[in-house]
Structures are given as structure tokens and as C-alpha cells.
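Since we're looking at a predicted model, the values are computed, not measured. Both ligands and their constituent atoms are indexed starting at 1 by order of listing. Start at 1 with the first residue, then count along the sequence.
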Amino acid sequence: MARITAGLTTSHVPAIGVAWDQGQQNSEYWAPVFGGYEWTKKWIADEDPDVIILVYNDHASAFSLEMIPTFAIGCADEFAIADEGWGPRPVPTVVGAPELACHLAQSLILDEFDMTVINKMDVDHGLTVPLSLMYGSPDVWPARVIPLAVNVVQYPPPTGERCFKLGQAIRRAVAAFDQDLNVQVWGTGGMSHQLQGTRAGLINKEFDGQILDNMTLDVAAIRAISHLQYLRESGSEGIEMVMWLIMRGALGDDAEELHRHYHVPASNTAVGHLVLRPTA
Ligand code: DHB
Ligand code: FE
């Protein structure tokens with residue numbers, strides 16, 4: 001049977017991808033950002049997951065105001081790297097896991113989550129930056145990836161509670177898949193950041209710290225955070241953190257923290273990263 005062995009969260013700031021691609025890993029500004037991922041790089045080489053269900057948001061690269069799926073699952077054989085305005089990032093094509101993805105789509109839809117099935121999609125920094133942070137610059141990505149895109153760009157995004165329940169449904173679906181697969185779930189985005197308006201640059205370390213703590217200590221408290229609280233406390237783009245709850249729901253009732261990294265600033269964003277292991 002397939003099993004979810006671990007989950008992780010990470011910010012997906014596009015400037016991290018640019019810094020990586022330009023070889024700025026050891027610069028004064030970026031070294032503390034990348035340094036917090038060294039532990040995870042060694043850990044993931046040992047864990048060697050077969051498939052990553054990678055929860056992220058498209059930033060008007062594959063979708064636009066013409067099409068706004070709330071939850072979309074990538075069922076294709078592969079996903080090209082999006083051109084976000086300055087050419088696609090020089091990273092490998094993302095290879096999908098269509099059998100598991102189609103099983104997930106069926107299981108989730110019959111479990112009353114109305115997923116949009118995506119058979120062709122380019123993937124942007126929301127998905128590729130986390131892969132670069134965990135795997136560096138390989139010739140091919142070591143794991144197959146199922147992109148799970150969440151609308152957190154255009155009102156109304158899903159609630160955190162809804163995201164958590166989707167994660168629980170993913171856990172049920174993976175457990176019912178009849179292939180021996182080591183599956184990880186990644187939740188990307190966050191932490192506090194606002195990219196525009198008079199509050200641009202907003203960082204709330206206290207709020208971010210509570211989220212990092214409560215991913216293991218009190219998930220109910222995070223599930224209850226409303227859209228307005230995210231907006232007020234963590235800036236307009238802090239809402240990306242609802243995607244962390246999909247990952248957390250997929251780990252089951254209890255999880256332990258294996259690794260944590262928090263650093264300000266990276267571009268406009270507080271970078272937060274957790275590695276979690278289900279314990280129940
Ligand atoms: C930044 C962060 C993001 O999550 C994003 O999608 C775009 C920009 C930033 O901090 O620059
Ligand atoms: Fe983002």
C-alpha cells in the first residue's frame with residue numbers, strides 16, 4: 001500500500017529561485033536562507049520519497065482571472081516549467097505520477113471534494129522553488145510530483161478548515177492506493193508577507209511563530225484562523241498558509257517536528273520551513 005511518511009512546509013519566494021539559479025547561495029543575503037535547508041537536503045536524500053504531493057498556488061502563470069479553480073490536481077505525465085516573464089527557470093521538467101493522481105482525483109471527488117482535473121499545466125515558482133530548496137540542481141528531479149494547486153490569489157480562497165479536511169481526505173485516498181509507494185506531502189507558501197499597498201513588507205514574527213509551534217502542538221488553533229485574521233496578522237499574501245493545512249491534515253492526528261527554519265527577510269517574505277513526521 002502507498003503511505004504518507006512525512007510532510008514539510010516551506011515558503012516559495014520566487015527570488016529564492018533566482019538566487020539559486022544565479023549561484024548566490026553563499027552571498028551574505030542568501031546564505032542564512034539556504035543554510036536552513038541543509039538539514040532537510042540530507043534528510044530527504046535518505047528518505048528518498050517516490051512521489052511528492054506538492055501543494056502550491058499558481059501565481060497567474062497557468063491560470064488567470066479567466067479560470068480560477070479552487071483545488072486543482074495535476075494528472076499529466078509531465079509538467080513544463082512556466083515562463084513567468086523572463087523565460088522558464090533552468091530546472092528539469094517535473095515528472096508526474098498519473099496513476100496515483102487519477103486515483104486521488106477519483107477518491108477525493110467521490111469523498112465530496114470537487115477537484116478540477118488538470119491534464120496540461122505549466123508549473124511556476126510556487127512549485128519549483130521548493131524542489132530546488134530540497135534537491136538542489138539535479139539533472140532530473142529525484143521524485144515524481146503531483147501538483148495540487150490551490151486558489152489563494154483571488155477572493156474567495158478556501159478556508160483553512162476546508163484545506164485541513166482535504167488533507168484528511170488525501171490521507172484516506174493514499175492509504176487506499178494499491179502500490180507500495182513512499183509518499184510525502186509538501187505545503188508551500190507563507191509565511192507573513194504582503195507584496196503591495198501601504199502595508200507592503202509586513203512581517204509578523206509572533207504570528208508566524210505560533211503557526212510553526214501549533215503545527216504540532218495545537219492544530220485546532222490553526223484550523224480556526226479566519227481569512228480576516230490571516231489578512232490582518234500576516235499580510236495579504238499570508239493567506240498562502242492555508243495550504244500548509246492540507247499537508248498537516250494529510251499527516252493524521254499527531255505529528256512530531258523533525259526540523260525548523262525561520263528567517264527574515266527573503267525578498268518581502270518571512271521564510272518558514274518545517275519537516276514533520278506523522279506519529280499516530
Ligand atoms: C514573494 C513571495 C511569494 O510567495 C510570491 O509568490 C511572490 C513574491 C516575495 O516575497 O517577493
Ligand atoms: Fe507565493
Side-chain angles (χ1 to χ4, degrees), residues 8-22 24 27 29-34 36-37 54-65 68-72 74 79 81-89 91 94 121-134 145 147-158 160 163 186-205 207-208 211-212 227 230-231 233-247 261-274:
L8 62 80
T9 67
T10 181
S11 311
H12 60 216
V13 182
I16 293 177
V18 177
W20 182 270
D21 298 341
Q22 295 181 348
Q24 295 174 31
S27 70
Y29 185 88
W30 290 107
V33 175
F34 289 112
Y37 292 87
L54 208 160
V55 183
Y56 77 111
N57 65 292
D58 178 80
H59 302 74
S61 304
F63 309 135
S64 69
L65 290 180
I68 309 170
T70 303
F71 296 120
F79 304 89
I81 308 303
D83 181 346
E84 299 183 59
W86 47 89
R89 287 191 62 213
V91 297
V94 172
M121 177 168 67
D122 293 357
V123 287
D124 73 10
H125 68 269
L127 185 135
T128 63
V129 165
L131 286 173
S132 298
L133 283 168
M134 305 320 153
V145 175
L148 200 161
V150 180
N151 167 43
V152 290
V153 169
Q154 177 64 25
Y155 188 84
C163 288
W186 295 7
T188 78
M191 298 195 81
S192 51
H193 62 305
Q194 172 148 344
L195 301 179
Q196 68 284 304
T198 51
R199 297 205 310 164
L202 179 142
I203 299 289
N204 186 342
K205 290 185 181 175
F207 184 81
D208 290 345
I211 299 241
L212 292 168
H227 286 155
Y230 279 112
L231 194 68
E233 300 297 329
S234 62
S236 50
E237 277 68 49
I239 189 68
E240 290 185 342
M241 284 186 275
V242 295
M243 297 186 288
W244 292 25
L245 281 170
I246 297 180
M247 177 285 301
H261 173 44
Y262 184 75
H263 177 78
V264 179
S267 182
N268 270 315
T269 298
V271 163
H273 168 49
L274 286 175

If you count the atoms of ligand 1 from 1 in the order shown, which ones are under 4.0 Å from a heavy atom of [X]?
| X | answer |
| --- | --- |
| L195 | 1 (C), 7 (C), 8 (C), 9 (C), 10 (O), 11 (O) |
| H12 | 4 (O), 6 (O) |
| E240 | 4 (O), 6 (O) |
| H193 | 2 (C), 3 (C), 4 (O) |
| H125 | 5 (C), 6 (O), 7 (C) |

To which protein heavy atom is [atom] closest, and what is the distance rounded to 0.1 Å?
| atom | value |
| --- | --- |
| atom 10 (O) of ligand 1 | T269 OG1, 2.5 Å |
| atom 9 (C) of ligand 1 | S267 OG, 3.3 Å |
| atom 6 (O) of ligand 1 | H59 NE2, 2.7 Å |
| atom 8 (C) of ligand 1 | P14 CD, 3.3 Å |

Do the side-chain N and O atoms of E240 and H12 include a donor-acceptor pair separated by under 3.5 angstrom?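 Note: E240 and H12 side chains meet the donor-acceptor criterion.
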
Taking the side chain as C-beta and beyond, is there a heavy-atom pair between [X] and [Y] under 4.5 Å?
| X | Y | value |
| --- | --- | --- |
| V129 | W20 | no |
| S236 | L231 | yes |
| M134 | T10 | yes |

Taking H59 as the fixed residue, which of H125, E237, E84 is the one that meets the side chain to side chain donor-acceptor pair (under 3.5 Å) rule?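 Going through H125, E237, E84 one by one, the side chain to side chain donor-acceptor pair (under 3.5 Å) with H59 is satisfied by H125 alone.
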
Within E240, is some N, O or S atom less than 2.8 Å away from the Fe ion (ligand 2)?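 Of the N, O and S atoms in E240, at least one lies under 2.8 Å from the Fe ion (ligand 2), which means yes.
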
Just wondering, is there an N, O or S atom on H59 that's nearer than 2.8 Å to the Fe ion (ligand 2)?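 A backbone or side-chain N, O or S atom of H59 is under 2.8 Å from the Fe ion (ligand 2).
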
Donor-acceptor contact below 3.5 Å, side chain [X] vs main chain [Y]:
| X | Y | value |
| --- | --- | --- |
| S234 | Y230 | yes |
| T188 | V55 | yes |
| S192 | N204 | yes |

